[in-house]
Amino acid sequence: MKNADKPINPYMYNGVVQREKTVDWDNDILYGLTKREHFAAMAMQGLCANPKYAGSLNATMVSCAISLADELLNQLEEQ
C-alpha cells in the first residue's frame with residue numbers, strides 16, 4: 001500500500017473500534033481518512049484562511065490543495 005493511501009489514524013472495525021499497534025497494511029481492512037485526504041484538507045484550510053480568498057472556494061483552490069498534498073507526500077517518500 002502506498003504511503004498516500006495509508007490512513008492518517010488507522011483503525012479496524014470488528015464490531016467495535018479497535019486501535020492496533022501493529023497493522024498489516026496489505027491484508028487488514030482499514031478505515032479513516034487517508035494521508036492524502038488529510039493533507040489536502042489541511043492545505044484547503046490554509047487557503048481558505050487567507051482573507052484574500054475568503055468566501056471564494058473554487059475548483060482552482062481545490063486542485064491547488066490536492067497538488068500541495070501530493071507534493072508533500074512525494075517529498076516525504078524521498079527522505
- Query: Which atom names give the shortest non-hydrogen contact between Asp5 and Thr34, and what distance separates them?
  - Reply: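 Distance-wise, the nearest heavy atoms are O-CG2, 3.6 Å.
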- If you take all heavy atoms of Ala65 and Ala40, which pair is closest and at what distance?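 Closest heavy-atom pair between Ala65 and Ala40: CB-O, 3.6 Å.
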- In chain order, what residues pass the side-chain hydrogen bond (donor to acceptor under 3.5 Å, both in side chains) check against Asn74, with sequence neighbours excluded?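 Asn74: no side-chain hydrogen bond (donor to acceptor under 3.5 Å, both in side chains) contacts found.
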Please tabulate, for side-chain N and O atoms in residues 41-52, each donor-acceptor pair with protein atoms closer than 3.5 Å (sequence neighbours left out).
| residue | atom | partner | partner atom | Å |
| --- | --- | --- | --- | --- |
| Asn50 | OD1 | Lys52 | N | 2.9 |

- Query: Looking at CG of Leu73 and NZ of Lys35, how far apart are the two atoms once the value is rounded to the nearest 0.5 Å?
  - Reply: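 Output value for this atom pair is 8.0 Å.
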- From CG (Leu68) to OG (Ser63), nearest 0.5 Å: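 Result: 11.0 Å between the selected atoms.
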- Message: Using the rule that Ile, Leu, Val, Met, Phe, Trp and Tyr join whenever any side-chain heavy atoms are under 4.5 Å apart, tell me whether Ile66 and Met61 fall into a single cluster.
- Response: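 Same cluster: Ile66 reaches Met61 through Ile, Leu, Val, Met, Phe, Trp or Tyr contacts under 4.5 Å.
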- Gln75: side-chain contact (heavy atoms from CB on, under 4.5 Å) partners, not counting sequence neighbours: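 Counting only residues at least two positions away or on another chain, Gln75 forms a side-chain contact (heavy atoms from CB on, under 4.5 Å) with Glu71, Glu78.
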